[in-house]
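We're numbering straight along the sequence, starting at 1. Keep in mind that what you see is a predicted model, and the values were worked out from it rather than measured. Both backbone and side-chain heavy atoms feed into the values below; hydrogens, waters and symmetry mates do not.
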Amino acid sequence: MEPVVVIVLAGAMVVLAGVTITALVVLLRRTGGMTGTPIGPSSEQLAEIQGELEEARREAVEIRARAEQEAGELFRRSEQQAAEARRRSEQEAEAILRRSEAAAESAAQLRKEVEAESQVLKYELKELRSDLERRENRLAEREQRLDEEARRQAERARKLAETETELADRREALDRLAQERRTVLERVAGLTSGQAKSELVREIENQAKREAALIVREIESEARKEGEKRATKIVTLAVQRVAAEQTAESVVSVLHLPGDEMKGRIIGREGRNIRAFESTTGVNLIIDDTPEAVLLSCFDPVRRETARLTLEKLVLDGRIHPQRIEDAYERSRAEVQELCVRAGEDALVELGITEMHPELITLLGQLRYRTSYGQNVLGHLVESAHIAGIMAAELRLDQMLLKRCTLLHDIGKALTHEVEGSHALIGAEIARRYGEHEDVVHAIEAHHNEVEVRTVEAVLTQAADAISGGRPGARRESLEAYVKRLERLEEIAQSYTGVEKVFAMQAGREIRVMVKPDSVDDIQASVIARDVAKQVEEELTYPGQIRITVVRESRATEFAR
């Protein structure tokens, strides 16, 4: 039995005993027991006492029942509290168990990570030790070579000192011989050395003046003949299309290496050097089985030249790592930029053009590395400017203005790798941005008829461009390949349903597609233009871009009678 129930029952018994004692006291008082009178209650008193005892028993029974009820209630409460306490203790024990398990798992995971990291660190430490040993070996070999070089230098210095002493002795002997010869000559000629020197100077001066006059006359004659010959040559270029220098177009540059072991340095550990080189320069570096050579591939010629100079500097230096690659690339880019500026300035000097914006000069210089069908673009511009100047002189127009128009007509090709669109419109926008005359801008944008020609300068720019690019030997594409390309363009456009006629225009730079208006609507015309452009891109190779124009014409005809 629970302690609380025992305490409640004991209390109930005490109360009952108290009631009994109280009843006895009342009885004694009534019978005179407390006053010293003899005991002998009457029947009424006994009946009354008996009733009070019964009343006391009933009260005791009620008190006992209430005590038992309260004890039961307290017992149930104690059981509930004990169950709740056990449940809470079990939950706390489970939580503590889960936390301990999680802590054990974390400790195991942490131990695994620490072990893995320690293995990686051990491997890296081993690599570092081996690298350090290799470097120490190389340093030792280098120190040995330096010692040998120092010994050779010391031996060379000793021999050089001996040679200098011998030369000094010979110089003294020569001085003595010269003095003796001068004395003999003075005695034979009857003149002192000063007099002979003055006479010789006067004779040489007179002879030099006569020869200078002859040379000046010859130079003037040669210059006159050369000027006439050069003028005749330029006129012949303009009229007869004489062949000039041709440069093959390529998107690959080859760099020769001192040895095949340099390829391993270029690749680097796990390929980090070649990745850094391609990421920095934007040029693909191809290392194959070609002995002592690597390939640089990129469609941007300026970027490819910068990458070639960068790799050349790295190979000459021998130290190749990502930081050196970035430093060499910055130096090479500055060098190429300087070469571009110099090439643009040389072109302006050759044509006698002044006061051009520096950015235009730089873009002109970049065309030095750009070719079109094997013809160097900058050479083509200079040649076209010469031809245009001759035609302007014959027509008594402004030669400088026409040279400027022709020199800048392909300036947009310097940005075709960076900006989408026709090089003519791109070049016109660039010229307008940098303050060129409106006639120059119009000649640039109209030299491929992409806008309507409005000035004589634009017409002559087109003529000079055609003469320079169309003369035999200027460009690599043959007439047969050109005709086949035009025929293929017309075949591609003619193969679509609803096409009536196809015309290849502007030397294959534009296709006019005439469709049947009753079988092709406006939406279908747009679809045909897009499909033709996509098929041309996939099947043909061509410079610049080709415009596809679909023409749908509706006609209504009636007769009045």
Side-chain angles (χ1 to χ4, degrees), residues 1-19 59-140 261 263-287 314 319-330:
M1 185 177 294
E2 296 292 334
V4 178
V5 178
V6 175
I7 294 171
V8 172
L9 293 178
M13 293 178 66
V14 170
V15 172
L16 183 61
V19 172
E59 290 179 359
V61 171
E62 291 177 359
I63 290 170
R64 182 176 179 181
R66 286 197 300 272
E68 290 178 353
Q69 185 177 1
E70 291 177 359
E73 184 68 25
L74 290 174
F75 180 70
R76 285 192 298 275
R77 289 179 182 177
S78 63
E79 285 184 346
Q80 291 178 356
Q81 291 176 356
E84 183 68 22
R86 283 195 302 273
R87 186 177 61 80
R88 284 199 301 270
S89 62
E90 290 176 355
Q91 290 179 353
E92 290 177 357
E94 290 179 357
I96 292 171
L97 181 60
R98 286 195 297 271
R99 287 197 297 271
S100 63
E101 291 177 353
E105 292 178 357
S106 299
Q109 184 67 24
L110 182 60
R111 184 168 56 256
K112 291 180 180 179
E113 292 177 357
V114 170
E115 290 177 355
E117 187 174 358
S118 64
Q119 293 294 330
V120 172
L121 290 176
K122 288 179 180 178
Y123 178 74
E124 291 180 353
L125 182 60
K126 183 179 179 181
E127 290 292 326
L128 289 174
R129 286 177 178 173
S130 61
D131 191 12
L132 183 59
E133 290 177 357
R134 289 193 297 270
R135 291 185 178 181
E136 289 178 352
N137 293 332
R138 287 198 297 270
L139 286 175
E261 68 275 5
K263 294 182 179 180
R265 294 187 185 180
I266 295 174
I267 295 173
R269 181 182 298 175
E270 298 178 357
R272 65 170 187 173
N273 289 344
I274 191 171
R275 288 196 300 269
F277 182 87
E278 293 180 347
S279 175
T280 302
T281 61
V283 176
N284 293 328
L285 182 59
I286 303 173
I287 300 177
L314 293 172
R319 296 172 296 172
I320 303 177
H321 53 81
Q323 184 62 39
R324 292 285 302 170
I325 292 172
E326 294 178 0
D327 296 340
Y329 174 73
E330 292 298 330

Pairwise distance [atom1]([X]) to [atom2]([Y]) - rounded to 0.5 angstrom:
| X | Y | atom1 | atom2 | result |
| --- | --- | --- | --- | --- |
| His321 | Arg265 | NE2 | CZ | 12.0 Å |
| Ile274 | Ser279 | CD1 | OG | 12.5 Å |
| Gln69 | Leu74 | CD | CG | 10.5 Å |
| Glu330 | Thr280 | CD | OG1 | 9.0 Å |
| Phe277 | Ile320 | CZ | CD1 | 9.5 Å |
| Thr281 | Tyr329 | OG1 | OH | 7.0 Å |

Could you tell me whether the side chain of [X] and the main chain of [Y] form a donor-acceptor pair under 3.5 Å?
| X | Y | answer |
| --- | --- | --- |
| Ser118 | Glu115 | yes |
| Ser106 | Ala103 | no |
| Glu278 | Leu285 | yes |

Less than 4.0 Å between a side-chain N and a carboxylate O, is that true for [Y] and [X]?
| X | Y | value |
| --- | --- | --- |
| Glu73 | Arg76 | yes |
| Glu84 | Arg88 | yes |
| Arg129 | Glu133 | no |
| Glu68 | Arg64 | yes |

Step through the shown structure and confirm whether more than 12 heavy atoms of other residues, nucleotides or ligands are within 6.0 Å of [atom1] on [X].
| X | atom1 | answer |
| --- | --- | --- |
| Arg324 | CZ | yes |
| Arg138 | CZ | yes |
| Arg269 | CZ | no |

_Assess the residue pair Glu127 and Tyr123 against the criterion (side-chain hydrogen bond (donor to acceptor under 3.5 Å, both in side chains)); give the C-alpha distance rounded to whole Å, side-chain angles, the decisive distance to 0.1 Å, and a yes or no._
CA-CA 6 Å; Glu127 290 292 326; Tyr123 178 74; 3.3 Å; yes
For the pair Glu117 and Glu113, evaluate side-chain contact (heavy atoms from CB on, under 4.5 Å) and give the outcome as yes or no after the intermediate values. CA-CA 6 Å; Glu117 187 174 358; Glu113 292 177 357; 5.9 Å; no
[X] vs [Y] side-chain heavy atoms within contact, under 4.5 Å:
| X | Y | answer |
| --- | --- | --- |
| Gln119 | Val114 | no |
| Asn273 | Ile267 | no |
| Lys122 | Lys126 | no |

Query - Shortest non-hydrogen contact between Glu270 and Arg275, atoms and distance - result: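 Shortest heavy-atom separation between Glu270 and Arg275 comes out as O-NH1, 2.8 Å.
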